[in-house]
Asks: 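My structure is below; once you've seen it, I'll send some questions.
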Amino acid sequence: MSDKSNALGRTDIYDARSLGTPKVMILGLQHMFAMFGSTVLVPMLTGLDVSTTLLFAGLGTLLFHLLTKGKVPAFLGSSFSFLGGYMAIAPMLYKPNKELLPYACFGVACAGLLYLVLALLIKLFGTGRVMKFFPPIVTGPIIIAIGLTLSPSA
């Protein structure tokens, strides 16, 4: 695949192999550490089963790669982003709140449905129109703010 210039004059990388093996290995290692932390620690913090989380993260990733025909190198797993919602619904002072956990899980499922609606809108209107609302200058600070806010629990 070829690289394309974006509105800022930069080129986007559409084929990671063009970076060379050393950089791909370093990026893969970084991705593995980020994946492992969230996929193992989040279920431990929320009282969910780690094995079940790993199983469905793997199945979800395989389904994602099947649906995208392998064009997007990604791993789908749990996220620290939902811990705030979990804590609001099922507070975890010293141990997970097993009675309120189903309600928190339902909230996460509703967020997943919203994700599907947004994915449909992106499919219908195209990425170009959507990216006008979410340029890197907007998404970068949001991700940083989420990370800094959740860092004490990580």
Side-chain angles (χ1 to χ4, degrees), residues 1 12-19 21-127 130-131 133-154:
M1 292 183 153
D12 297 327
I13 299 169
Y14 289 97
D15 188 354
R17 291 174 289 198
S18 66
L19 295 173
T21 303
K23 286 184 181 177
V24 169
M25 295 293 284
I26 290 170
L27 290 172
L29 190 64
Q30 176 191 14
H31 194 76
M32 185 207 51
F33 280 116
M35 173 280 303
F36 187 79
S38 65
T39 306
V40 173
L41 186 57
V42 170
M44 290 172 64
L45 290 172
T46 57
L48 299 171
D49 186 39
V50 176
S51 300
T52 304
T53 304
L54 287 170
L55 172 68
F56 282 99
L59 292 175
T61 301
L62 290 174
L63 180 64
F64 178 80
H65 285 292
L66 180 70
L67 293 174
T68 60
K69 298 178 179 84
K71 293 181 182 177
V72 182
F75 172 81
L76 304 181
S78 56
S79 170
F80 287 102
S81 302
F82 293 104
L83 284 183
Y86 269 102
M87 300 273 189
I89 296 171
M92 299 171 265
L93 297 174
Y94 299 106
K95 63 179 184 168
N97 189 331
K98 298 284 186 180
E99 294 81 32
L100 296 175
L101 189 59
Y103 298 105
C105 289
F106 178 72
V108 171
C110 288
L113 289 175
L114 180 63
Y115 175 79
L116 289 175
V117 170
L118 292 174
L120 178 64
L121 291 174
I122 290 171
K123 179 74 172 169
L124 292 174
F125 296 110
T127 56
V130 175
M131 290 307 291
F133 298 105
F134 301 106
I137 195 72
V138 173
T139 55
I142 290 173
I143 292 170
I144 290 169
I146 290 171
L148 291 175
T149 303
L150 295 173
S151 62
S153 63

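By convention here, the first residue in the shown sequence is residue 1.
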Asks: Could you report the tightest heavy-atom contact between Thr127 and Ile122, atom names first, then the distance?
Replies: CG2-CG2, 3.9 Å

Asks: For Met32, look at atom CE and say whether over 12 heavy atoms of other residues, nucleotides or ligands are found less than 6.0 Å away.
Replies: yes

Asks: Looking only at heavy atoms, which two atoms of Leu19 and Val24 are closest? And how far apart?
Replies: CB-CG2, 4.3 Å

Asks: Please lay out, stage by stage, how Leu118 and Leu121 fare under the test side chain to side chain contact (heavy atoms under 4.5 Å, CB included).
Replies: CA-CA 5 Å; Leu118 292 174; Leu121 291 174; 4.3 Å; yes

Asks: Looking at every non-hydrogen atom in both residues, tell me the closest pair between Gly60 and Leu76 and how far apart they are.
Replies: O-CD1, 3.6 Å

Asks: If you draw a 6.0 Å radius around CD1 in Ile137, do more than 12 non-hydrogen atoms from other residues or ligands fall strictly inside?
Replies: no

Asks: In Å and rounded to the nearest 0.5 Å, what is the OG1 to CZ distance from Thr39 to Phe75?
Replies: 4.0 Å

Asks: Rounded to the nearest 0.5 Å, how far apart are CZ of Phe36 and CG of Leu54?
Replies: 7.5 Å

Asks: Quick one: closest heavy-atom pair of Gly77 and Ala57, and the distance?
Replies: CA-CB, 3.9 Å

Asks: Measuring from atom CG of Leu48 to atom SG of Cys105, what distance do you get when rounded to the nearest 0.5 angstrom?
Replies: 4.5 Å

Asks: Give a yes or no on whether Phe56 atom CZ has more than 12 heavy-atom contacts from other residues, nucleotides or ligands under 6.0 Å away.
Replies: no

Asks: Looking at OG1 of Thr68 and CG of Leu63, how far apart are the two atoms once the value is rounded to the nearest 0.5 Å?
Replies: 9.5 Å

Asks: Which distance, rounded to the nearest 0.5 Å, do you find between the CG of Leu120 and the NZ of Lys123?
Replies: 9.5 Å

